[in-house]
Each structure stands twice: as structure tokens, then as C-alpha cells.
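What follows is a single structure, written as C-alpha cells, with notes after it.
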Amino acid sequence: MTVYELHQLTKIYDERTVLDIPDLKIKENRIYSLLGPNGTGKTTLLNILGFLEPPSGGKITYRSKPVRFVESELQALRRDVILVDQFPILFTATVWKNLEFGLKVRKISKGKRTRMIQEALDLVGMRDFALAQAHKLSGGETQRVALARALALSPRVFLCDEPTSSVDVENQAIILNILKRINQTKRMTIVFTTHDRTQARTISDQTLVLDRGRLLEAGYDNIFSAVPDLNSLGETKCVIHPNISLLMDSHKIKPAKDRFRILIDPKQIHPLRKAGKEFPVNVLQGIVRQVVDENSKIRVVVDSGVRLILLMTEKTYRHSQIFVGDSITYYIPPQAIQAID
Amino acid sequence: MTVYELHQLTKIYDERTVLDIPDLKIKENRIYSLLGPNGTGKTTLLNILGFLEPPSGGKITYRSKPVRFVESELQALRRDVILVDQFPILFTATVWKNLEFGLKVRKISKGKRTRMIQEALDLVGMRDFALAQAHKLSGGETQRVALARALALSPRVFLCDEPTSSVDVENQAIILNILKRINQTKRMTIVFTTHDRTQARTISDQTLVLDRGRLLEAGYDNIFSAVPDLNSLGETKCVIHPNISLLMDSHKIKPAKDRFRILIDPKQIHPLRKAGKEFPVNVLQGIVRQVVDENSKIRVVVDSGVRLILLMTEKTYRHSQIFVGDSITYYIPPQAIQAID
Amino acid sequence: SEEKILKMSTTTSTQASGLLDVLLPELEKDTGIKVKVIAKGTGAAIRDGMDGNVDIIFVHAKAREEKFIQEGYGTKRYAVMHNDFVILGPPNDPAGINGLISAAEALKKIAAVKSAFISRGDDSGTHTKEQTLWKATGIPLEKKTDKIIKKGKKREITFVHPAESGQWYLSIGQGMGKTLTVADEKKAYTLADRGTFIKYKYGRDVPIELNVLCEGDPILANPYGVIPINPKKHSHVNYELAQAFAQWLVSDKGQSVIANYRLMGKQLFYPDAIK
Amino acid sequence: MDLLIDSFISAFFLIFSFDAEMIFIVGVSLKVSIASTLIAGIVGVPAGFMIAFESFPGKRIVITVLNTLLALPTVVIGLFVYTFISRRGIFGPFDLLYTQKAIIIGQVILIIPVVTVFTITAINRIDERYRKTAMTLGANRIQTAWVIFREARFGIIAAIIASFGRVISEVGISMMLGGNIKGFTRTMTTAMALEYDKGAFILSIALGIVLLGISFGMNMLFHFFQGRSRA
Amino acid sequence: MDLLIDSFISAFFLIFSFDAEMIFIVGVSLKVSIASTLIAGIVGVPAGFMIAFESFPGKRIVITVLNTLLALPTVVIGLFVYTFISRRGIFGPFDLLYTQKAIIIGQVILIIPVVTVFTITAINRIDERYRKTAMTLGANRIQTAWVIFREARFGIIAAIIASFGRVISEVGISMMLGGNIKGFTRTMTTAMALEYDKGAFILSIALGIVLLGISFGMNMLFHFFQGRSRA
Ligand SMILES: Nc1ncnc2c1ncn2[C@@H]1O[C@H](COP(=O)(O)OP(=O)(O)OP(=O)(O)O)[C@@H](O)[C@H]1O
Ligand SMILES: Nc1ncnc2c1ncn2[C@@H]1O[C@H](COP(=O)(O)OP(=O)(O)OP(=O)(O)O)[C@@H](O)[C@H]1O
Ligand SMILES: [Mg+2]
Ligand SMILES: [Mg+2]
């Protein structure tokens, strides 16, 4: 089932369009990660999905019913959907009272409430803080309590804005596991934002990438700002680093500007045994800094002055015998490069 | 030169000791990273180093002079040291005015001010937002402006509380580079907290690990909560996962408790070709999830039900032919395991 | 040339009746004296004089005025004018006092039927007069004593009012005008000076319904006096001007202005100095 | 200076004489002031909430008008209410004039703007995110308002305390609408005004001291109930 | 009801007659009220700052006392000031009684608690981190205070507006210390009280309407200077 359907959705702040989504479907019982640079509209989108802010234009349907942003109708919808803020606010009260709030609002009996609160606090490892004053907690503690407060309510849709940004590593893993688990056991739909791509890939079923308010199809891994290469004759080349000039597929270029941004599809970059004649251009060298297993894909981070990401199958990876610390050679096909905006 | 010297420093909140540091020296012109789980006292320590909160007990000297926490004396010290908060607050004014504040306070002339503000905004890539209302910025934008606001003042000591937690990947790299650069060019001493160990290792000269208010010598990588293994006879074993029971060096054990935490030194764990007779206990298997180059050490993350970190030289790494996705066998010597608290 | 400014505390009735509005311009024309008028309760006005805050007082409470002079605060009391008190009541006159001359008789009747009576209860000249009248009726009275401390010594202030007055005798502690308003609202009897009554009956946006039911008893006379403050007590006071003002008031000119003052065609005050 | 010392001693005697009239006057003052404050609170706090919460056309005008009404003179209120409740007014038959109820009506009008304006100010200062958080946790409008109220409570309590102070020390309305009738509507302030008019300054100040003492007591009580929740 | 309609019409005529006396009275009212508000602001805002900012023993008591002083009756203030500035008082020789200065002194005492209490409330509501941020950026105490002031300005402005409203509509102090002397200390409220005493209700209300109009104008001015900075 489709939970959300967005059509021609826009949000305008002070005459600036910060969100512009022609079409988006969010399906039930899946985990979505929302990636993108700062100020790209992630929080704005979550606020709209959480029915907390009206869009400036466009349509949203929630569970097949069109959403009208009228206070009286939103109330019921908000019972289904919970958003945990990027910098969450805890009420000036104890941690316990904070968790109790949503449950009381839902008229859950005292005994049940107590059980649910304890459960939720255990989940995020904050049971010892039940009676602490919430506004005195540390950054990570705050974030974890905010998560517990939302989890205690078992919503249909769970929206998390950078849920683990201030959480320690140990608890990051725990929280991600919780998200995964409640997604399965309670059939919860989850949308979360993050700047950690590995985290996104590891637990989400689908990654949405926002860039300047628009959804990108191609992913978010290799975005660079570029200038046209003025030395190139007849060819369309762009410079992304003093030493790196790349040939682009002219089909994928929009009208030339002074400065634009390109996106390189990490799946299309392949490592080479050594530089050869077959590929006269777009061959780079770099040192492997990191290799990560991401849901059966292998992600290789190469430092060539700029950091480039290569995404390959395990087979290719093993075959090319890539070790961290190695210097490797790789080829970027012109059609892998796309100019955005 | 030593910038800070801390002796018997404690901080007590509501009768709970959240910080207890017998001895700590922070040296000039170095970068320190401060790691540790949530609520461990990182922010508290930075607040004290920033002269923003008095300790409950103990002594601090700053540049060889003892610090008395008297408002009249702190004023001058605060001109030297700037703290960027974990959830920074921007004044309700434009971004420009926010950056101007510290400069005006320092009586810097208008022309110079303008130049410095523009420079700082450029550093964090926020020049386009100079005239935006600061309190309306997105999370990452806020963090970047707060950094710029501090950087514009070129302090002697720069304290950053999770400076990149909400910053996008592209800008994370940029900010870390800035820190590295100002450390070198302006001889700035930097202390920053983070939950990203790779980040910590990559840019810092020294890593400080706080755990429940105390400094740990051994590092922070493998901390697990454990219970004593009741099935073990005569030996001191602990269980950190239903399938993992580890023999500990009895010298390193404090009086047994129901539940305690252990720390496994990642440098002492070694991979084995295969399980053999030489090591009858503490041999585990796991799948390699990640390999990272960290300042000439290689960090390998292995998933054995719990995530364990192995830190090895490049030579050992290459020698043991570890590929991401491999299942490997490794040995944890009992003396690598230490019970904490 | 220095401005001749005189400060005077007076009771509200001289100001509220409008008399000062005709008197003072004439004064200024003749003598060049400008008067700063501070209108308040008789008690407070006398107090102002004792404290030396003003140069002259213009009040109506003969006994207290004499005491004031005895204690040396004032030099001399000039009898300026009088009007008279009247007993007012609602048109239906439940106590049946209409046409009575004897004020004591009227009050006795009111007490007998326990018809509502509003007392100023503010220790003013009118209130003092009212107490005298109650004493004259011979009905049982109650005494109420307030203790205060003055210069470390206890002093007592005593009032009388009809005994068992409970619901019908209402002491409101306010000025004459408000007393009339309350009496009108409550359809009650009250004692008032004629000047204020005329003002409220004929010169007001919302006239009162009360009528004069008892008048003409000699005991109801209400004399006003002015007293310059004694420069021996307060050296800063402008005794010369005060003296000049008092003299002018009792002069033929001053007295005729008072005699000719009309409100709604009715004479409010009767000059006392020329006779 | 003598006056002040005398006044303090008199105040002391006044209090410890347990004079029946005195106790009655204090009782009227307290009763009337508490009632006015409560009613104004019940009307003004929600009104302030609504105004601060909702966006509607003319919101800024409403706020400016409320600010203007802070300057509503007691004489105007007195006369205004008077025209309605005097025997000739439309509420004449209820016989309200010169009763404690009349004072309460006037005082409520006096302080509703105070309560409302300061409620608006207190609410406006609360971070928008508290509201957002309450809403996303499923709170309806009233529950959301309650959350904001809790966060803004110190500002609102300050407004209530200020209003109480305003009415218990108020004299114009009490005088005009209550009539200062001894044994019925005489309050501490009208009694003070009376003593002042009589020139009995000592008694007047003594009454004032008693009034402040009572107000202090009320404030301590407030503090006590408020508890250490501030911390 | 007629009364009210008549009053409005009279108010209209009053304003557009540009009567010299009327203009003078309005002038005195404005002058005195603005002066009192300014002085009280200059004293009360920093005082409120200090109290909210510093921790010192007895802080809670100080706040409770200030709250108590919100209930300071005008009669008490009037008498209190009277004892100092009357001819027999220590400031007698300055001849202050029954001058505009005397009114200002009394009104300042009246509203200093209001300004102070609401400044404290406004400051307390500001997140501690603003102060911390200002300090770490190198601000000294005064500069830090300025930051907090900027963040709290709506609360403080509300306090100032309320205080202005309080004094321009105040009658007791103006009457007792000013004396309602025509051409010298007659203010709009004392004029209203006088007209009321005379039974000229219409004129009294009309004056009240003029007063509200002026207060409205002042508020608009405030809004204007405050600009859209709120947004
Ligand atoms: N209330 C507002 N008024 C004006 N501009 C706003 C407002 N809220 C957000 N913006 C702007 O809209 C853009 C999108 O903001 P948003 O918070 O959605 O970004 P984001 O993707 O969540 O970024 P981050 O990763 O930094 O959290 C930003 O440039 C921000 O400055
Ligand atoms: N003002 C306060 N009153 C009481 N307890 C406090 C206060 N401030 C912090 N604490 C407690 O002190 C402990 C240390 O807090 P601190 O903010 O230093 O942690 P941290 O290491 O920065 O954690 P995080 O990674 O979550 O930011 C926490 O348990 C916190 O709850
Ligand atoms: Mg965001
Ligand atoms: Mg922290």
C-alpha cells in the first residue's frame, strides 16, 4: 500500500523555493533514507510529511486520501505519524513525563503506560534517567529520549530527522537495529534523514536524495562543483580539481554556466589493472582510503585529491584485489557524468 | 607550551560526579579529539575549558597561570578561547550580524570586520546566506555559521562540540580541512568532540577518551557491557553476547559485579589464518564489514554478532589478505581485555 | 515683576460648586494674585495647612478651624460666607419628613422607620454636623473609636452613629458629590450642603431625583472661613499674599462676587462679612 | 519620618487588635481581589493564548488595542460600568451598583488587558518547536496549549501576580462602583483613601502596610505552591 | 447608553476644538507619564537584569518583595512621598509638593516594581545558552547583557508599554502629589476625576476617550519603531 503520494509539491520560504517534488510515493512498511546536502529541504519535507507544515503548492495524499491542511483534519492524521526533530525539544519536566505525554494524549491506561514507557526507555538505554530533568540531559541523551518518546507511541509512520547525529557509536548501532526491528515487527513505515551514507544504505530499503529541493535519481555519492575546462577544444570537459579535468557526455549537459555541479554515478566507475591505451581520457589514480560492505555492494573510497566513491559488486572487488592503502587506477566513462542544476 | 593543566578536576551535578580528571595536559598547537559515549562529560569538560562553567573541585591552569573562576578574571581568558556548542545558538539577527558580534566586541574596525566576515563565511560555504535571518537556517547551515562565527575571531584555543554532527559530507571534509589548516597556519590549539572515530583519528594529534567522567588510557574502540560467565569453573570469563564468552586476565579484573563493562584493546587482537590448537580459547569468527585507512594504521571492523574493531599495521593487514565480506578468524589475548568501572 | 502666586487648599465643595471659577479671575483682575487651588477633603486641607504646604486654607468646619488657630497654625479666621445644610430624600419620602423645619425631628423619623440614610462618614464638616444632629435627636447612639499612634502616644478618634443602625444607616466615607450619587441610587435620605445639592440637581448631565425635604433650621447653617497660615510656624509661607487674598474676600468686591454667584439661577452662598 | 514610624506602630496595633471592622475590610479586599483576578485569569489567559496562537487578519491591531487598554483609566471604567448597572441602566434591575459584585465587574475589565497582554508576551517567547513537538506527539489543540502553558507558566504567573497586585491596590473603581459603604463594600484601599481625606495619615499608611503584608503573604503562598519547580 | 454616545461626540468635539486648556492638560499628562516611564525604565530594566542575571543570597526574597510591591497602593505611595517632600519633610525646602516633579517621583515608585518584575520574567525565559554564546565570543558583562536584552526585548517592551499605560491612567498619585492645580499639575486623569466630581460625566468619559486615543497613538508609534523586526 502507498502511504504518501506527493504531486507537484512545493514549499516556498521568503520567495525561495526550497522544495519542488513533482512525484514521490512512499510505500508502506519500508524504510526510506533521505540524503542530501545542508539546506536542501530534508527537514522541510519531513515537516510536511508529518503534517506539521503546509506545503506552498501541490497535492499530498495519505493512505489514498487527499490531505487538506486544515487544523481540524490534521489532528487525526498526526496520531498516525510522528516526527522526531533534528534538534529535539524535550518538555521542561522529567524524562518520564516526557514519554508519558503522548500516551496520556492517547488515553492509555496508567498501568499500560508505565509498561510502555519502561520498554521504550530500555530500548534506548535511558532507563536510569527516567526521573532526571529532561532539559538538563546531554546532547546524545536528549536525542535518545526523544526517540524513545516517539517509539513509545508505535506510530504507523515514523519520521526521524538525523536520529543518530549526536548519539554515541554503541547506541547508534542499537538505534538503527531498533528501527530495523520495529519496521519488521510493527510494520512501521520509516523515513529518516542522515548524512551517513553507509548508515543509509545499511538499513534502508530505498534511498531518496534531495538536492536543492529536488529529488535526484542518480544518487548522492559523487557530487562536485565544477567549472568548464577552457583549454579543451571542441570537447565538453569540466574541471573539478586543479589536476582533474573530465570529459563529459555532451548529451547530458545543460547550457554551460560559469560554475555548475556534476554528479558521477559511482556504479559506473571501474578500476583498471593499469592505465592503458583503451581509455585515453578520464583515467585517474588515487589511494584507497576505505572499503565498506554495504548490503552486498562494496563501497570503495578513493582519494585522488578529491574523494571519489566507487560502488562495485563483491565479485569485481575481489577480482581487482583492492587493498586499503593501495594506489589504484580507475576509469570514469563520460556517460557516468551528469550536470545537475 | 602547555595550554591547560588540570588537576583533580571534578564536576558534580545534582550530587552526581559527571567529571573526575586526576591529571590532564593540553599542549599548544595540537589537535585533540575527545571521544566517549553519551553523557560522559565531554560537553561539561569543554564548558570548563572554555571558562564558561566553574568546576566543582580541583585546579586548572591556563598558560601556566592558575585560573580562578571569578567573573572579573574570566573575561580576559574568554577572549583567548572560543567554544562552539553542540547545538549552537545563533542570535536572532542576520548571519552577518552574528559573525560581526565577536569582532565588534573586540573593537575591530569596520573595514577589517567586513573582510574577516566574508572570509569566514567563504570558509564554511555560507557566503550566500550573509543576509539571511540566522534563526531560520537549517540544522547544518546553523552549525556551519556557528563555526564561521568562531573562526572569524581567530582564537588561541578553539573548542568544538561535535562540529560536524549535522553537516553534510562534502562540508564535513571541508570543515575538517579548515581545522587542520588553521591549526597549522594560526598555531591554534583545537579540542573537538566527535562520535566518529575515523574523523578523530584522521585529523587529531591525540585522542582523549572520556568514560563516565574519567579519562581512559586504553582507547574507546571496543567497549562492551558484560556479565560474568557462571558456567566457567575456576576461570574468569565474561559474556558479551549469547555466543561469545571471553577469558579474561585475572590481573586486570576488579571485584566481580553482576554487570560490568569491558574494554578490548583493538591493537592486541590478531587475525589468524585459521583456528588452530595454539589458541584454544578467545578465538572468534566474523565477517569483515569495513576496512579504513586511519593515519597509517588500518582499522578493520568485524561483525561477530557484536562489532569488534581490529587495529593493525598496514603490513599485518596486507599479510593477512583481509577482504571486505570475508569471514575471518581472530584471537583476543586475555590480557587485551580490561574491566572498567 | 515677580508673579504673585498663592497656594490654597480648600474643600472640594468650593471648587466643585464652580464658585472658585468666578471668584479667582476677579481676584486676579483686582490684585494680580494667581491662586493655585488644591481641592481635597476638609481634614486633608487642614492637614496641608498644618504641614505648611500651602499659604492659606479655605474650609468649612468651624470648630476645627478655631482649634487650628489656637494651636498657632493660622493667624486669623476670616468668616467669608455660609450656605446651609439641607436634608434630602427620595420623592416618595417614606419617613414623611417633607416640610419639617426641625432637623433633629426629621432624623428621628428616619431612624424610626429605619429608612435608608447615607452618611458621608468622612469626618468632614458635613459629617460633623450630621453627628451633632443625631445627638440632638436623643435616640440611642453608638460610639466608634479608632486608635492611632501619634508621636508614640495613643490617640483616639471617636464617631457616633445611631445604635442598631445595621442595614439602613450607610456610612460611605466619600465626598459630598458621591454621597449624593449614592443616596440617589439607593433612594435614601442624606444631609448635604445646598451648593452641592443644587449643582447635582440642576447642573449635571444626569440629574439626581432627590429633593429637599427639610430646611431652614438654624442649626443647619454652614459657615466657610479662610485662614492664612501663620508665618511663625512656617517661615516660607507667603503670608503677605494670603493676607491680601483674605482681605479681598471679605471686601465689598469679594463679598458681592460671592453673593452674585448663581448656579442654574439659584444662589449658593451667602456672604458673611458684610451685614 | 515620625509619621512613618508612627504608621508602623499603628499598623502593628491594627493587626493585633483583631478589630472586627478591620478584619471585615481585609476580608472584602481579599475576596473582591481574588475573585477579579480569577475571573480575569479565566478569561484573559485563554484569550491571550488564542491571540498568540492563531494567525488571523488584524492580529497586530488586536494586540495594539489591548496594549492601549492597559491605559484604561479607572474613572472611565467606573463610569462605563456605572451607566450599565445604575438604576437607570439596562442592568439596573439587578441592583448591582454599590455591591462587591460591581467592584469585581469593574476590576475584571481593568485587568483583563494586563493578563491578556502578558500572556501573549509569555507565549510568544516559547520556542515554536514546543508546539510542533506536542502536535507531532498527537496532542489536540487544547493539549498543545497546555504544553505551551506549562513552558510559559512563569510569565503567566507573573501576569497573574501583577494583576492581583493591581486590583488589591486599586481604589478608583472600588470607590465608584462599591461606594465605600462601611460594612458592605469598604475595602482596604477605599478605607485608606477615606483616612487620607480625613487627614488621618497615620491610619492610612498603617492600612497600606497591612495591605502590603497581606500581599506579601499571598506571594509567599504562590511561591510555596509553585514549589522548587523552577530550580 | 445615551451617555456613551454623547461622550463619544463630546470627545470628538474636545479633540477638534483644540482648546488651549485641553492641550495643556494633555501635555502635562504626556510629559509626566513619559518622564516617569523613562526613569522607571532606566532604573528598572537594569535592576531586573541584575536580579535575573546574578545569583546572590536572598534572590528569591528580593523577587517576592518586588512582586509584593506590585500591590503598592497609590495612597501609600502618595503619603510616603508626601512625608518626604511636604514642607515638614526632609526635602521640604525643595518645594516639590504639588508640582509635576512630585507626580513623577510618585509614579516612578509605582512602576519600578512593574518594570523590574517583568524584566526579570523576560530575562529568565531566555535560553541560558544565549548568555553562554555571548560570553564565549568574548563579550563582557555589558555586551552579554545587551545580547540578552535584544533577545528579551519583546518582553521588556511589553513591560514598558504596560508601565506607560499604568501611569498615564493613574489618578491617585497625580491627585495627592500634584494637587490637580489648574494650569500646573492638572492631568487628564485628575481632570476626569474633577469632572466626575462635578457630575459632568460626559466630559469625564470624553476625556477618557481622548486619553485612550493618545495611548493608542503611542502604541502605534512603538509598533512603528519596533518595525517588522518581529516577523
Ligand atoms: N522558516 C524558514 N524561513 C525561511 N527559510 C527557511 C525556513 N526554514 C528553512 N528555511 C530554509 O530552507 C532551506 C531548507 O531547509 P531545511 O531545514 O529543510 O534543510 P535540511 O535539508 O534539513 O538541511 P540540514 O541538513 O542542514 O538540516 C534552508 O536553506 C533554510 O535556510
Ligand atoms: N545542568 C545540569 N544539571 C544536571 N545534570 C547535568 C547538567 N548538565 C549535564 N548534566 C549531566 O551530566 C552528564 C554529562 O553531560 P555532558 O553534556 O557533559 O555529556 P556529553 O559527554 O557531552 O554527552 P553527549 O555525547 O550526549 O553530548 C550527563 O549525564 C548529563 O545528564
Ligand atoms: Mg535538517
Ligand atoms: Mg555533549
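Reminder, nothing fancy here: chain letters follow the sequence lines and each chain counts from 1.
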Sort out for me which of L69(E), V65(E), V76(E) touches chain D most, counting heavy-atom pairs under 4.5 Å.
V76(E)
Can you tell me if K31(D) has over 12 outside heavy atoms packed within less than 6.0 Å of its NZ?
no
Ring pair (Phe, Tyr, Trp, His ring centres under 6.0 Å) partners for F12(E), two or more places apart:
F16(E)
Out of curiosity, T64(E) OG1 to F216(D) CZ, how far, rounded to the nearest 0.5 Å?
6.0 Å
Closest approach of T121(D) to A158(E) (non-hydrogen atoms, all atoms of both residues):
OG1-CB, 3.6 Å
Side chain from CB out, backbone as N, CA, C, O: work out which of these in M188(E) comes under 4.5 Å of a heavy atom of chain D, or both, or neither.
neither
If you round to the nearest 0.5 Å, how far is OG of S163(D) from CG of L70(E)?
9.5 Å
Heavy-atom proximity to chain D below 4.5 Å, by part of L212(E):
both
Using non-hydrogen atoms and a 4.5 Å limit, figure out which bit of E151(D) sits close to chain E: side chain, backbone, both or neither.
both
Grab the two heavy atoms, one from T189(D) and one from P73(E), that are nearest each other, plus how far apart they are.
CG2-CB, 4.3 Å
N67(E) side chain reached by M218(D) side chain, heavy atoms, under 4.5 Å
no
Which atom names give the shortest non-hydrogen contact between A71(D) and L211(E), and what distance separates them?
O-CD2, 3.3 Å
If we only count heavy atoms from C-beta on, is the N124(D) to F154(E) side-chain gap below 4.5 Å?
no
If one checks every heavy atom of F164(D) against chain E at 4.5 Å, the contacting part turns out to be neither
Which atoms of L72(D) approach chain E - backbone, side chain, both or neither, heavy atom under 4.5 Å:
both
Output for pair (M220(D) CE, R60(E) CZ), nearest 0.5 Å, gives 9.0 Å
Could you please state which residues from residues 104-114 of chain D sit under 4.5 angstrom from chain E, measuring non-hydrogen atom to non-hydrogen atom, sorted by number, or 'none'?
none
Distance in Å, L79(D) CG paired with L207(E) CG, rounded so as to fall on 0.5 Å steps
11.0 Å
Where does the angle between the aromatic ring planes of Y82(E) and F201(D) fall among parallel (under 30°), tilted (30 to 60°) and perpendicular (over 60°)?
perpendicular
State whether the number of non-hydrogen atoms from other residues, nucleotides or ligands found under 6.0 Å of M22(E) atom CE is greater than 12.
yes
Let me confirm one number: the CG-CG distance from D127(E) to D127(D), rounded to the nearest 0.5 Å.
8.5 Å
At what distance, to the nearest 0.5 angstrom, does OG1 of T68(D) lie from CD1 of I214(E)?
11.5 Å
